[in-house]
Protein chains: 2
Amino acid sequence: MRVSQKTEYALKTVLDLAQHGDAGVVSTAHIARRQEIPVKFLEQILITLKNAGVVGSRRGPKGGYFLQQSPAEITVGAIVRLTESRPALPNNGDAAGEYCPFAEMWKEIEEHVHDTLEGLTIKEMCRRIQERSGKKSDAYVI
Amino acid sequence: MRVSQKTEYALKTVLDLAQHGDAGVVSTAHIARRQEIPVKFLEQILITLKNAGVVGSRRGPKGGYFLQQSPAEITVGAIVRLTESRPALPNNGDAAGEYCPFAEMWKEIEEHVHDTLEGLTIKEMCRRIQERSGKKSDAYVI
DNA sequence: AGTATTCCGATAAAATTAGTAGGGTATAGT
DNA sequence: ACTATACCCTACTAATTTTATCGGAATACT
């Protein structure tokens with residue numbers, strides 16, 4: 001039961017764009033350096049995100065990527081669904097007409113995970129970072 | 001985000017023992033046939049279960065496996081933990097001192113999944129099967 | 001023109017999962 | 001004691017998935 005590196009990268013990428021995309025676009029190279037993602041791998045991920053309409057792009061010098069939806073609209077679930085394409089949990093259906101109680105169990109868990117991820121937005125993630133850094137500052141101030 | 005076939009097999013195996021182990025032991029061959037699990041793969045799984053103390057065994061003719069704990073004591077989580085050994089979710093910790101809000105998110109989800117699986121026993125799974133087959137019977141009776 | 005950057009397809013390497021092979025070991029029944 | 005049965009164990013192989021890498025084409029800015 002695992003989440004792929006690709007998904008983790010995709011999330012960090014969108015978060016990076018939300019945090020550093022204020023003034024225009026952000027280049028692949030910048031994201032890669034900050035989030036420690038292999039450049040070529042990141043390119044693929046960005047293309048995926050672009051095809052899904054999450055980000056937009058501008059080519060050529062001074063080019064780069066930017067969020068095409070607001071951080072408040074982009075849910076974590078939406079990103080995860082893009083990169084975690086395969087059937088999340090065993091759809092080991094009721095083989096041979098047999099009822100399998102585990103299938104039901106997995107389904108319930110899957111739904112809960114889905115709802116949780118769908119309830120978390122990139123904006124919320126940014127807020128949590130703010131919150132954390134805020135607390136840090138307080139400690140220093142005192 | 002997936003659960004391995006091995007885990008699914010292990011769960012079905014324990015369930016099979018709970019359902020067919022009333023009168024002594026159940027052989028690998030029987031479990032394999034009923035649950036459609038490759039025999040040699042099943043052997044490995046049973047050894048894992050045995051080493052964990054979930055099942056016991058008797059060798060020789062008329063030998064086989066049996067539950068060493070009561071179905072009410074065996075939780076689904078206990079089985080899953082045996083076969084799903086690797087770190088469940090990316091412990092992509094706070095690399096370079098950076099705070100990562102996703103780590104926290106995954107942790108919360110992981111805990112919920114853990115609690116859910118830990119709250120479900122094999123006995124409960126058996127009950128659900130009973131319940132389901134009971135409803136079926138009712139339909140016929142009427 | 002020259003350069004920076006996104007775009008795209010193919011391929012390769014690594015890791016994990018799923019399954020096989022083949023023999024070893026204990027035990028029940030004869 | 002012999003033999004058949006079934007557990008026990010280690011190693012290996014095959015398939016799949018994940019994680020990249022490579023090389024270049026398209027595009028846009030200066």
Side-chain angles (χ1 to χ4, degrees), chain A residues 1-13 17 21 24-33 35-68 80 82-90 92, chain B residues 1-13 17 21 24-33 35-68 80 82-90 92:
Chain A
M1 203 138 95
R2 266 193 95 234
V3 167
S4 71
Q5 192 76 330
K6 190 173 181 178
T7 294
E8 203 65 21
Y9 286 162
L11 289 172
K12 286 186 177 180
T13 297
L17 285 173
V25 302
V26 181
S27 76
T28 305
H30 278 85
I31 301 172
R33 185 148 15 91
Q35 307 299 332
E36 302 181 43
I37 305 173
V39 179
K40 286 302 225 176
F41 198 15
L42 177 56
E43 280 187 359
Q44 291 182 357
I45 292 168
L46 280 164
I47 289 173
T48 302
L49 291 171
K50 183 186 167 157
N51 291 338
V54 177
V55 306
S57 65
R58 224 173 57 200
R59 305 231 271 205
K62 302 270 182 181
Y65 291 90
F66 52 91
L67 291 186
Q68 210 154 35
V80 171
L82 285 179
T83 51
E84 217 74 14
S85 51
R86 296 187 314 148
L89 288 169
N92 51 7
Chain B
M1 200 138 95
R2 268 192 91 236
V3 167
S4 71
Q5 192 77 330
K6 190 173 182 180
T7 293
E8 204 65 20
Y9 286 161
L11 289 172
K12 286 186 176 177
T13 297
L17 285 173
V25 303
V26 182
S27 75
T28 305
H30 279 85
I31 302 172
R33 184 147 17 88
Q35 306 299 333
E36 303 180 45
I37 305 173
V39 179
K40 286 301 222 173
F41 199 15
L42 176 57
E43 280 189 357
Q44 292 180 358
I45 293 167
L46 280 163
I47 288 174
T48 302
L49 291 172
K50 184 185 166 160
N51 290 338
V54 176
V55 307
S57 65
R58 221 174 58 200
R59 306 231 271 203
K62 304 270 182 179
Y65 291 90
F66 51 91
L67 291 186
Q68 210 155 32
V80 171
L82 285 179
T83 50
E84 215 75 13
S85 51
R86 296 187 317 144
L89 288 169
N92 53 8

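Fair warning: this is a prediction, and the values are worked out from it, not measured in the lab. All values below come from the heavy atoms of this structure, side chains included, with hydrogens, waters and symmetry mates left out. Chain letters run A, B, ... following the sequence lines, proteins first and then strands; every chain starts at 1.
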What's the spacing between [X] [atom1] and [Y] [atom2] if we round to 0.5 Å?
| X | Y | atom1 | atom2 | value |
| --- | --- | --- | --- | --- |
| Phe41(A) | Thr28(A) | CZ | OG1 | 14.0 Å |
| Glu8(B) | Ile45(B) | CD | CD1 | 10.5 Å |
| Leu17(A) | Gln35(A) | CG | CD | 9.0 Å |

Item to check | Worked verdict on Thr13(B) versus Leu42(B) for side chain to side chain contact (heavy atoms under 4.5 Å, CB included) | outcome: CA-CA 8 Å; Thr13(B) 297; Leu42(B) 176 57; 3.3 Å; yes

Could you state the atom-to-atom distance from [atom1] of [X] to [atom2] of [N] in whole Å?
| X | N | atom1 | atom2 | answer |
| --- | --- | --- | --- | --- |
| Glu43(A) | dA26(D) | CD | P | 16 Å |
| Gln44(B) | dA21(C) | CD | C1' | 11 Å |
| Leu42(A) | dT5(C) | CG | C1' | 13 Å |
| Ile45(B) | dC8(D) | CD1 | P | 14 Å |
| Ile37(A) | dT21(D) | CD1 | P | 13 Å |
| Arg2(A) | dT17(C) | CZ | C1' | 12 Å |
| His30(A) | dA4(C) | NE2 | C1' | 13 Å |
| Lys50(B) | dA6(D) | NZ | P | 16 Å |

Out of [options], which has the shortest distance to the side chain of [X]?
| X | options | answer |
| --- | --- | --- |
| Lys6(B) | dA18(C), dT3(C), dT6(C) | dA18(C) |
| Pro61(A) | dT21(D), dT20(C), dA4(C) | dA4(C) |
| Ile47(B) | dG19(C), dA20(D), dC9(D) | dC9(D) |
| Gln5(B) | dT21(D), dT10(D), dA18(C) | dA18(C) |
| Lys62(A) | dA18(C), dC29(D), dA20(D) | dC29(D) |
| Lys40(A) | dC9(D), dT3(C), dG23(D) | dG23(D) |

Checklist entry - Can you find a side chain N or O atom of Tyr65(B) that sits less than 4.0 Å from OP1 or OP2 on dC8(D)? => result yes

Checklist entry - Using a cut-off of less than 4.0 Å, is there contact between a side-chain N or O of Ser57(A) and OP1 or OP2 of dC7(C)? => result yes

Next on the checklist: Is it the case that the base of dT27(C) and the side chain of Arg59(B) share a donor-acceptor contact (distance under 3.5 Å, atom types as modelled)?
Outcome noted: no

Next on the checklist: Ignoring hydrogens and geometry beyond distance, is the side chain of Glu84(B) in donor-acceptor contact with the base of dT17(C) at under 3.5 Å?
Outcome noted: no

Checklist entry - Pick the nucleotide of DNA chain C nearest each of Val39(B) and Arg58(B); which residue has the one closer to the 5' end? => result Val39(B)

Item to check | Test log, rule side chain to side chain contact (heavy atoms under 4.5 Å, CB included), inputs Phe66(B) and Val25(B) | outcome: CA-CA 5 Å; Phe66(B) 51 91; Val25(B) 303; 3.7 Å; yes

Next on the checklist: Let me spell it out: for each of Pro38(A) and Gly60(A), pick the nucleotide of DNA chain D with the closest heavy atom. Which residue's pick is nearer the 5' end?
Outcome noted: Pro38(A)

